[in-house]
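Have a look at the structure below, then the notes.
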Amino acid sequence: MITEATPRQCALELEALPSRIQQVRRIVAAQLRYWRLEPLLDNTLLGITELLANVHRHARPDKKCQVELTFASGWLTVAVTDNDPRLPRVREFEPLATCGRGLAMVVSMSDSWGTEAVSDGGKVVWFTLRAEAPSPRLALAAPLSVVRGAMRRAPDAMASAPARKPVREPVREPAQKPVRMREIALV
């Protein structure tokens with residue numbers, strides 16, 4: 001697991017409109033790459049897209065919200081705060097339903113999730129993802145060979161490469177709740 005002494009944080013304020021959601025996805029992807037958390041990109045972007053789509057579709061009185069990313073002790077916490085006090089709930093849905101499955105997807109792809117009412121009348125919906133330690137890169141035992149435009153290892157190098165098995169620790173709940181911080185504001 002990747003661990004660090006100090007948490008990394010990033011926050012974005014926006015209006016949850018479809019064009020803004022795409023911008024947020026690009027910003028978050030760049031931030032995760034900067035933090036070297038590429039393995040979390042797909043699930044993070046899926047979760048953010050679903051939570052922002054919920055704000056766009058359901059939030060009242062406005063669509064203003066904040067996306068917060070916090071990476072601490074090997075856990076990425078993604079929190080979306082809006083001004084609507086109604087807490088979302090996971091709903092039952094038909095197998096062929098075209099809506100109503102977003103929060104269920106967030107629940108299924110995250111390690112933990114939750115909702116909380118905030119003092120100013122809004123709410124925060126959050127999820128966490130555990131960051132696996134990056135796999136060590138194998139040193140090349142032989143030079144790369146180019147065959148018909150595709151790069152691949154020479155056969156003798158493949159035979160000498162050690163076999164690696166992924167090590168998984170049991171999933172545990174993160175010790176921290178999402179931290180509020182403002183870095184970037186989208187207009």
Side-chain angles (χ1 to χ4, degrees), residues 2 4 6-91 93 97-132 134 173-174 176-187:
I2 301 171
E4 292 194 6
T6 58
R8 300 178 197 175
Q9 299 173 327
C10 175
L12 307 163
E13 290 184 358
L14 67 140
E15 196 166 349
L17 302 173
S19 61
R20 295 287 192 218
I21 293 171
Q22 291 303 315
Q23 289 176 338
V24 169
R25 286 175 52 90
R26 288 191 295 273
I27 292 168
V28 167
Q31 187 66 51
L32 291 181
R33 286 186 187 101
Y34 179 74
W35 288 346
R36 298 182 183 222
L37 295 175
E38 290 91 347
L40 303 181
L41 267 172
D42 290 339
N43 285 343
T44 302
L45 296 179
L46 173 66
I48 285 174
T49 301
E50 292 302 328
L51 295 183
L52 290 177
N54 283 350
V55 172
H56 174 70
R57 183 173 178 151
H58 302 291
R60 295 183 204 133
D62 57 39
K63 307 299 181 192
K64 292 181 181 174
C65 64
Q66 182 174 357
V67 175
E68 301 174 46
L69 304 174
T70 304
F71 180 66
S73 302
W75 290 91
L76 177 68
T77 302
V78 178
V80 174
T81 305
D82 65 43
N83 297 321
D84 190 338
R86 297 173 299 156
L87 298 177
R89 60 184 174 80
V90 179
R91 300 184 322 180
F93 56 87
T98 58
C99 63
R101 303 186 300 183
L103 194 54
M105 285 194 299
V106 171
V107 170
S108 69
M109 64 85 191
S110 64
D111 292 301
S112 63
W113 78 282
T115 63
E116 293 178 42
V118 293
S119 61
D120 63 0
K123 69 176 169 297
V124 60
V125 181
W126 56 270
F127 65 91
T128 62
L129 298 169
R130 181 172 176 263
E132 298 286 335
E173 293 294 318
Q176 295 180 323
K177 289 186 178 181
V179 177
R180 292 178 175 243
M181 181 179 166
R182 294 187 174 146
E183 278 186 16
I184 303 171
L186 295 177
V187 181

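Quick note: residue numbers are just sequence positions, from 1.
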Kindly say whether [Y] contributes a backbone atom to a donor-acceptor pair with the side chain of [X] at under 3.5 angstrom?
X	Y	value
D111	R130	yes
K123	D84	yes
N83	G122	no
K63	H56	yes

When rounded to the nearest 0.5 angstrom, what is the spacing between [atom1] in [X] and [atom2] in [Y]?
X	Y	atom1	atom2	result
E116	W126	CD	CH2	7.5 Å
L40	L32	CG	CG	6.5 Å
L45	Q22	CG	CD	9.5 Å
T77	L69	OG1	CG	9.5 Å

With a 4.5 Å limit on heavy-atom distance, are the side chains of [X] and [Y] in contact?
X	Y	answer
S110	L129	yes
V28	L12	yes
L41	R33	yes
L103	W113	yes
Q31	L37	no

In this structure, are over 12 heavy atoms from other groups packed under 6.0 Å from D42 atom CG? no
Test of understanding: with side-chain contact (heavy atoms from CB on, under 4.5 Å), list the residues that count as partners of A30, not counting sequence neighbours. none
